[in-house]
**Q** 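One structure, pasted below without further comment.
Below, read A as the first sequence line, B as the second, and so on, with proteins coming before strands; counting in each chain starts at 1.
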Number of protein chains: 2
Amino acid sequence: MRFVSQIFQPVVSIPKGATIKNIEITCKSQKLLVECGLVRPTSAGLFTILPLARRAISKLENIIHTCLEEVGAQRLSLPCLTSARLWEKSGRLDDVGPELIKVEDRHGKKYLLAPTHEEAIADLFADISPLSYKQLPFLLYQIGNKYRDEHRPKHGLLRAREFSMMDAYSAHATHTCASRAYDTVTEAYRKIFSTLHLPVHRVQAPSGDMGGSLSHEWQLPAQVGEDSLAVCPSCSHAALSTDSSTCQQCGRETKEVNSIEVGHTFVLGSRYSEPLQANYIAADGATASVHMACYGIGITRLLSASIECLSSEKALRWPLAIAPYSALVIGPKEGSKEWLGHGFDRVQAIARQLEQHGFRDDVIVDDRHALTIGKRLVMADRMGYPYIIVCGRGALESPPRYELHRAGGEAPLLLTVGELLHTLRQDRENREIDVEYSETRVGE
Amino acid sequence: MRFVSQIFQPVVSIPKGATIKNIEITCKSQKLLVECGLVRPTSAGLFTILPLARRAISKLENIIHTCLEEVGAQRLSLPCLTSARLWEKSGRLDDVGPELIKVEDRHGKKYLLAPTHEEAIADLFADISPLSYKQLPFLLYQIGNKYRDEHRPKHGLLRAREFSMMDAYSAHATHTCASRAYDTVTEAYRKIFSTLHLPVHRVQAPSGDMGGSLSHEWQLPAQVGEDSLAVCPSCSHAALSTDSSTCQQCGRETKEVNSIEVGHTFVLGSRYSEPLQANYIAADGATASVHMACYGIGITRLLSASIECLSSEKALRWPLAIAPYSALVIGPKEGSKEWLGHGFDRVQAIARQLEQHGFRDDVIVDDRHALTIGKRLVMADRMGYPYIIVCGRGALESPPRYELHRAGGEAPLLLTVGELLHTLRQDRENREIDVEYSETRVGE
């Protein structure tokens, strides 16, 4: 069980117009994450992820991990330092230009801090060749840091220079097989975003620098987003904005919304396998380039985008599945009648009950007894804990009753322990049903 | 459930004296990890961690995570890119010299790829100052990549240029408090190493470049190790080798063994907090430097060191707790009498039973039916799966019986399902008792 007083959470207040490390505050997720002591910039586009945000990221990584492993993906780790030679071969060394962070080792050998790993993975396939068609397909993914020397990093974690991504790569003998994997990973993406209850739209996209024959962006509507979507209020179809405001699918008028790209998927074909000689031997003995597809989700970006999407200017809100702690327990103020009546033992007992009933390793106790319940409730609301349980005056009744506050602002409920545990179980189950349902209709 | 045929595991054979990517094979962990398709060098000192090794690392990370969180540590993530200015302030920019990988961004600002984060964490404390003595102590850790431009990277993952580490830092108001945290983390280290059943010695060490008042190295004996220990066969006391061969503790003669440094712990005092101005305000209102301690475990190094320590030249052996899969199930050869008798269904049923009885998400099935059981057993032994279950001729008996092979070479047992599950449970429980016991006596 953790206690709020022990958490490393440097809460600060940034006056309007002030900067932090010379960085302007330009959006609410950036402001809330810094002010609530969850993230701390070290310089432009570089961030320390503090413990509570780190917990949220671990939860997010677990969801991504589970959904990808379910469809057969295998995790690996490629080095962040990629040989510049591989990017010369693919032709991207010059194309990407100043956004690449280049490194030279003590012997003068050139590397780059990889913004993405298509070259590295194609080189791995080439390195272990000859691959037989019988060994294919593979679906491999990693979770780790990526680097992009943005000219103007901004919006905090939304546009950083060092950021965490899940990137996946698949290798196939045929285009048909690559398309099938693309559809499978697409379903895994839908499950990831619906687990988070985020209205992420999949939209067809130009392949750009990346190359290949087909690509989709995964976009989360948010006012601060730098992309623009045309969403049809009638059929939910979404597309990247064009001059036309007519829905391609049903012909009605679309509505324009700003959005944040949180993922991308590409069918690459032989864009990288050919220059890097990632070949396989087909059934007939002929040698051909491996067909590839690749898939990315920005983990630190998705975290901040979800906060951007769900929070108010004043208070953080998280997808339930990734809140740093799902439940916070607040006890009475030291010296109050309630404190003298049941003190701190009752608070810990309630927290233990929650731990045993669905909140294992997921409960935190606000043990700052010197503060009033009201003051701590205000701070808890700002932090966005999904369930806040107050052990106050009602705990003196027989049977004792506890207040349950749910993020979102409904009136609190006064419940016995049994009712509390029952209500929490039901609430979480309802949200899961929601997920099942929404999986059929995360907008596209 | 996973199948061997689907795993991305490029098995290769490296002839004696041959190199891979111009890198010499100089030790058995390096050779076995590459040959068994677990790790693949991309250039000198840089490695792709392939899926089975990645699983082992995730298990290792979980053990470290659990043992540290138990003593109150909180995970965070500091950026890998540290501003060179911070290392100027501490004076280490020149001291460490050519091993530092330096990076310049598009605006000419200087960074380094951090080999360690004392400066970064001290800067974080300084950044959120004024800290009150009431907020202290903190114990923070991270798990991630570190960089060191070794002049001659060698022995595979044992001396890499990009490697994964757990590094922890604590901040205190007094030296006494720092010492107490040091002892607590020391106990967590003992638990980590005893969970792995590794005979890791804690030895007092000079503080070197790092500075501070007290430090210990955590050393795992292995022939290929570059350090040298004097271990007392009588009282188990170990120390870094000196000219004397007399045990400092009991006066008997010591034995010299090579060893690998897998961890390090330091009491730093104000070595970094002073130059970086990480201050706190004491109870009497005075400002003073924070007392710090730091702690590291090389994760990729510990993985390879444990393999170096446990394996033979011919076959991998893992600490039970971090084997990529704890159990492998082998079915009959296609077309054999056993295949016709119970086919592949029985194999999957046994694997499912194991999944349900203590091996959740930890069973792999060798589905390469075209190969004989004997051939697959040889390969499984080389991979070092702790428990190998063969579903062969005995499975035709009534009741069906299965062979249980345990890594280590005892004669296989022929067991019914009930006996099999019982034996496995007992075997694992015995090993856990072992851990409890050995915790009292991991050599020092």
Side-chain angles (χ1 to χ4, degrees), chain A residues 2 5-8 10 12 21 37 40 42-44 46-55 57-58 69 72 74-83 98-99 101-107 109 111 113 120-121 123-124 127-128 131 135 138-140 142 144-145 147 149 151 161-162 164 361, chain B residues 2 6-8 10 12 21 37 40 42-44 46-55 57-58 69 72 74-83 98-99 101-107 109 111 113 120-121 123-124 127-128 131 135 138-140 142 144-145 147 149-151 161-162 164 361:
Chain A
R2 290 285 194 174
S5 70
Q6 295 168 354
I7 297 289
F8 184 70
V12 291
K21 302 252 169 191
R40 196 85 197 160
T42 64
S43 67
L46 298 174
F47 299 90
T48 296
I49 310 288
L50 297 168
L52 291 173
R54 181 58 245 184
R55 271 184 70 93
I57 287 178
S58 294
E69 296 261 338
Q74 298 171 56
R75 184 171 175 190
L76 85 176
S77 294
L78 297 156
C80 290
L81 286 170
T82 299
S83 168
E99 286 189 359
I101 300 180
K102 290 170 188 160
V103 177
E104 212 172 284
D105 75 7
R106 64 198 291 161
H107 306 297
K109 195 168 170 202
Y111 294 89
L113 283 171
I121 200 95
D123 183 57
L124 173 65
D127 183 36
I128 59 174
L131 276 167
Q135 292 173 271
F138 299 126
L139 174 56
L140 305 168
Q142 59 176 348
N145 283 341
Y147 296 85
D149 200 356
H151 185 57
R161 299 199 292 171
E162 176 176 313
S164 171
D361 190 29
Chain B
R2 289 286 192 173
Q6 294 167 354
I7 298 288
F8 184 71
V12 292
K21 301 254 168 186
R40 196 86 197 158
T42 64
S43 68
L46 297 175
F47 300 90
T48 297
I49 309 288
L50 297 169
L52 291 173
R54 181 59 244 184
R55 270 184 70 93
I57 287 177
S58 293
E69 297 261 338
Q74 299 172 54
R75 184 170 175 190
L76 86 175
S77 294
L78 297 155
C80 290
L81 286 170
T82 299
S83 168
E99 287 189 359
I101 300 181
K102 290 171 189 159
V103 177
E104 213 172 284
D105 75 7
R106 66 200 289 163
H107 306 297
K109 198 173 167 196
Y111 294 89
L113 284 170
I121 199 94
D123 184 56
L124 173 65
D127 183 36
I128 60 174
L131 276 167
Q135 291 173 272
F138 300 126
L139 173 56
L140 304 168
Q142 58 175 347
N145 283 340
Y147 297 84
D149 199 356
E150 298 280 355
H151 185 57
R161 299 198 293 170
E162 177 177 313
S164 171
D361 190 30

**Q** Side chain, backbone, both or neither: which part of B:L50 has an atom under 4.5 Å from a heavy atom of chain A?
**A**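 Both parts, backbone and side chain.
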
**Q** At a heavy-atom separation under 4.5 Å, does B:D149 approach chain A through its side chain, its backbone, both, or neither?
**A**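 For B:D149, heavy atoms of backbone and side chain both lie under 4.5 Å from chain A.
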
**Q** Side chain from CB out, backbone as N, CA, C, O: work out which of these in B:I7 comes under 4.5 Å of a heavy atom of chain A, or both, or neither.
**A**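 Contact with chain A involves both backbone and side-chain atoms of B:I7.
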
**Q** Just give me the residue among B:D127, B:D105, B:V103 that pairs up with chain A most often, heavy atom to heavy atom, under 4.5 Å.
**A**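 Of the options given, most contacts go to B:D127.
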
**Q** With a 4.5 Å limit on heavy-atom distance, are the side chains of A:N145 and B:N145 in contact?
**A**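 A:N145 vs B:N145: side chains apart.
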
**Q** Counting heavy-atom pairs under 4.5 Å to chain B, which of A:L139, A:L113, A:L140 comes out on top?
**A**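 So the answer, after comparing A:L139, A:L113, A:L140, is A:L140.
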
**Q** Let me know if B:D361 has heavy atoms under 4.5 Å from chain A in its side chain, its backbone, both or neither.
**A**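 Contact with chain A is absent: no heavy atom of B:D361 under 4.5 Å.
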
**Q** Pick one of side chain, backbone, both or neither for B:H107, based on which atoms fall under 4.5 Å of a heavy atom in chain A.
**A**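 Just the side chain, heavy atoms under 4.5 Å.
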
**Q** State, to 0.1 Å, how close A:Y147 and B:C80 come at their nearest heavy-atom pair, and which atoms those are.
**A**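 Looking at all heavy atoms of both residues, the shortest contact is OH-CB, 3.3 Å.
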
**Q** May I ask you to name which of B:V12, B:L78, B:I101, B:I57 has the most heavy-atom pairs under 4.5 Å with chain A?
**A**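 Sorted descending by pairs with chain A, the first entry is B:L78.
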
**Q** Answer whether the closest heavy-atom distance between the side chains of B:L76 and A:T48 falls below 4.5 Å.
**A**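 They are in side-chain contact.
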
**Q** Most heavy-atom pairs under 4.5 angstrom with chain A, which of B:G72, B:P79, B:P98?
**A**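 Among the listed options, the one with the most contacts to chain A is B:P79.
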
**Q** Begin with the C-alpha distance, continue with both residues' side-chain angles, and end with the deciding distance and a verdict on side-chain contact (heavy atoms from CB on, under 4.5 Å) for A:Q74 and A:E69.
**A** CA-CA 6 Å; A:Q74 298 171 56; A:E69 296 261 338; 5.6 Å; no

**Q** Of the backbone (N, CA, C, O) and the side chain (C-beta and beyond), which part of A:L124 lies under 4.5 Å from a heavy atom of chain B, both, or neither?
**A**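 Contact with chain B: side chain only.
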
**Q** Looking at B:K102, B:H151, B:R161, which makes the most heavy-atom pairs under 4.5 Å with chain A?
**A**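 Among the listed options, the one with the most contacts to chain A is B:H151.
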
**Q** Is A:F47 in contact with chain B via its backbone, its side chain, both, or neither, using a 4.5 Å heavy-atom distance?
**A**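 Just the backbone, heavy atoms under 4.5 Å.
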
**Q** Given that the side chain runs from C-beta out, which part of B:E150 has a heavy atom under 4.5 Å from chain A: side chain, backbone, both or neither?
**A**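 Backbone only.
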
**Q** Taking side chain as C-beta onward, heavy atoms only, is B:Y111 less than 4.5 Å from A:E162?
**A**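 A side-chain contact under 4.5 Å is absent here.
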
**Q** Would you mind checking which part of B:Q135 comes under 4.5 Å of any heavy atom in chain A, side chain (CB onward), backbone (N, CA, C, O), both or neither?
**A**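 Contact with chain A is absent: no heavy atom of B:Q135 under 4.5 Å.
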
**Q** Side chain, backbone, both or neither: which part of B:T82 has a heavy atom under 4.5 Å from chain A?
**A**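 Contact with chain A: none, neither part.
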
**Q** Can you tell me which portion of B:R55 sits under 4.5 Å from chain A's heavy atoms? Options are side chain, backbone, both or neither.
**A**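 It is neither, since no heavy atom gets under 4.5 Å.
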
**Q** Counting heavy-atom pairs under 4.5 Å to chain A, which of B:L131, B:L81, B:L52, B:D123 comes out on top?
**A**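 The residue among B:L131, B:L81, B:L52, B:D123 with the greatest pair count is B:L81.
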
**Q** Against chain A, label B:T42 side chain, backbone, both or neither, depending on which of its atoms sit under 4.5 Å from a heavy atom there.
**A**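 Side chain only.
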
**Q** Select one option (side chain, backbone, both, neither) describing which atoms of A:S164 are under 4.5 Å from chain B's heavy atoms.
**A**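 Contact with chain B involves no heavy atom of A:S164 at all.
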
**Q** Can you tell me how far CD of A:Q6 sits from CZ of B:F138, rounded to the nearest 0.5 angstrom?
**A**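 It is 11.0 Å, given to the nearest 0.5 Å.
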
**Q** Is any side-chain heavy atom of A:R75 closer than 4.5 Å to a side-chain heavy atom of B:P51?
**A**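 The answer is no; the side chains never approach within 4.5 Å.
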
**Q** Measuring heavy-atom distances to chain B, does A:Q142 have an atom under 4.5 Å in its side chain, in its backbone, in both, or in neither?
**A**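 Neither part, no heavy atoms under 4.5 Å.
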
**Q** Below 4.5 Å from any heavy atom of chain B, which atoms of A:R40 appear? Answer side chain, backbone, both or neither.
**A**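 A:R40 touches chain B through side-chain heavy atoms alone.
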
**Q** Looking at side-chain heavy atoms only, is the closest gap between B:S43 and B:K21 below 4.5 Å?
**A**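 B:S43 does not reach B:K21 side chain to side chain.
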
